[in-house]
Q: 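Below you'll find the structure I mean.
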Amino acid sequence: MNEIPAKAPQGHIEVTNFSLSYDSIEGPVQAVTDTQIHVKPGEFVSIVGPSGCGKSTLLNAVAGFLKPTTGIVTVDGERVSGPSAERGMVFQQYSLFPWKTVRENVEFGLKMRGMPRSQRERAARTLLGLAGLEAFEKHYPEKLSGGMKQRVGIVRALATGPKVLLLDEPFGALDAQTRVIMQQILTNMWQRLKISVLFVTHDIDEAIFLSDRVYCMTARPGSIKAEVPIPLERPRQQSMMMSSEFLALRRGLMSLIREESLKAMGGEISDLGMRGLDIELHGQSLAEVL
Amino acid sequence: MSSSAILRQPEDSMPATAIAAAGPEPIARPPSFGTLALRWYRLNRSGLRAIAIGVTSLLAFLLVWHLLTTYRVVFFVRFTNVPSPLAVYASFTKAIHDPKFLLHIVLSCRRILIGFSLAAIIGVPLGLIMGRFKLIHEIIFPVAEVLRPIPAIAWVPMAIMLWPTNEQSIVFITFLGSFFPILVNTLHGMTLVDPVLVRAAQCLGARERSIFREVYFPASLPHIFTGLTVGMGVAWVSLIAAEMISGQYGIGYFTWEAYSLVQYADIALGMIAIGVLGLGSSLLIRGAGQLVMPWRAK
Ligand SMILES: Nc1ncnc2c1ncn2[C@@H]1O[C@H](COP(=O)(O)OP(=O)(O)OP(=O)(O)O)[C@@H](O)[C@H]1O
Ligand SMILES: [Mg+2]
């Protein structure tokens, strides 16, 4: 294989005047309104926000699975009109093909592109080696642990050399230790490949640890409440999570999210009769209780 | 090509993956035959137990049958004319040297093979296409739903009118019996395909055809095989009924003929032959399923 010169940075995501509403029997459900986000080539950007605020909706629109109700999504100036191998995606649910071995899963995108078998086998082996999975190439996904499944999912999404990697709470189902290792692996791959990443998560620590920038969304209908740059130096170490800089960022994001979570849950809490428990529904006091 | 960008600089260090890469320890020495046998026994203990119990219960069944017939028990049901196991065995040894008996069996198997294969060849693709294209589903489904509850046996008079030869109408009945279970199960499998897998394939660059071949089809395979197994069972039911009514050959005809000729041992022989053939064909399908779906092997 001949040496390929480093490609010009690619993967500029631009989401402008974006809103999306779902149709339902009770009328349209506004999931996301008036949202602008962007990801610069090679940047790692996270989206955090309370449950149900429209993070997945936004990500699925960037992936091309959903059409914006208003506004446009572009990648490198080209309008997104449907899913494509240029935008790799990792889902929260394990989404490996159960009928394919680990290697065949990784090969899938290359096969779709028409790469000959021997060539794609070699490429898949190399990639699996990078993720420490070569010993499992012949296994079926069912036999893998959750962490391994997601690692294969990431490798599979990267195999076709996408400009952009989209991840929707990919580590949500993993235990804390596995999560940390997965974060390291993702960072390593990202730095090596120099692609843009848009990462959705619930976990504030995760967002700070991984990202160059974090968008914080409001409760539904979701829009961008704040944009927080993460100036921590790279490569990032686990020990940084104790630094005062990290903790300050964490506190800031935490309070932003908490406000929104309360808004999102406010209705439910009063429905449950918590007013009778002498908990104030406004302001800080409930925030502290939670 | 952009994919090769990933393959650049493999000499870079990747500390985290190095930790994660630790595989299973290699085994130092091959274990002795004794340990292997012991391990094999441990792994297969429950299987061996099932075989032992199964054989015992079959022997018990034979014994009860023997006792009921030798003492000609009459207790609500009458065992007076029922042949004993030994009588059936005697007629079996005679039958296997009788080319006519073998012809009955061969013809039945051929009818199953043709009828069932046609049902699978039409039913599976039709189910897949109906599951994928709404319009085709909307057109075909109502007709299928009306025809489906009609038992294949009820088609016998119609089949005799439709087809020029008896042979064809029997194959047609067999086909009908297995067609609907195969169609319905395939369709059911299609509705259960996980949409996230379809999305995953789409954002790996798969187009409609590839998604069909690489996602919908393999995802439906377990249900397709359920349909094939059920369809094979119904195929035998329909075949035997059709042969009894309108056949001149076939194991169903053999059994019915034995009754008319007062060959009681042959009735039981015919029944047992039907049972063994049915069991054999469903084992064949199960084996094929394991071959086609290695990822489901336990
Ligand atoms: N197909 C749909 N039809 C109607 N409403 C929907 C549909 N999908 C999502 N919604 C609603 O849109 C809102 C946003 O959903 P979305 O899945 O994007 O949220 P999210 O931020 O990803 O939530 P979570 O953190 O729980 O994954 C939710 O309130 C949800 O109820
Ligand atoms: Mg979500």
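Not measured: the values here are computed from a predicted model. Letters A, B, ... are given to chains in the order of the sequence lines, protein chains preceding strands, and every chain is numbered from 1.
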Q: With a 4.5 Å cut-off on side-chain heavy atoms, are Pro294(B) and Trp99(A) touching?
A: no

Q: Between chain B and each of Gly147(A), Ala157(A), Pro98(A), count heavy-atom pairs under 4.5 Å; write down the option with the most.
A: Pro98(A)

Q: Under the side chain to side chain contact (heavy atoms under 4.5 Å, CB included) rule, collect the residues that match up with Leu147(B), sequence neighbours excluded.
A: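 By the side chain to side chain contact (heavy atoms under 4.5 Å, CB included) rule, Leu147(B) matches Val143(B), Ile150(B), Trp155(B), Phe180(B).
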
Q: Looking at Gly153(A), Ala85(A), Gly64(A), which one has more heavy-atom pairs under 4.5 Å with chain B than the rest?
A: Ala85(A)

Q: Quick one: list whatever passes side chain to side chain contact (heavy atoms under 4.5 Å, CB included) with Gln183(A), sequence neighbours left out.
A: Phe171(A), Arg179(A), Glu206(A), Phe209(A), Leu210(A)

Q: What are the residues of residues 108-130 of chain B, in order of number, with any heavy atom under 4.5 angstrom from a heavy atom of chain A?
A: none

Q: Please report the interatomic distance NZ(Lys143(A)) to CH2(Trp295(B)), rounded to the nearest 0.5 Å.
A: 12.5 Å

Q: Checking heavy atoms, do the side chain of Ser95(A), its backbone, both or neither come under 4.5 Å from chain B?
A: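 Looking at Ser95(A), backbone and side chain both touch chain B.
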
Q: Would you please go through residues 191-214 of chain B and name the residues with a non-hydrogen atom below 4.5 Å from one of chain A, in numerical order?
A: Val196(B), Leu197(B), Arg199(B), Ala200(B), Ala201(B), Gln202(B), Cys203(B), Leu204(B), Gly205(B), Ala206(B), Ser210(B), Glu214(B)

Q: Counting only non-hydrogen atoms closer than 4.5 Å, does Leu166(A) touch chain B with its backbone (N, CA, C, O), its side chain (CB onward), both, or neither?
A: neither

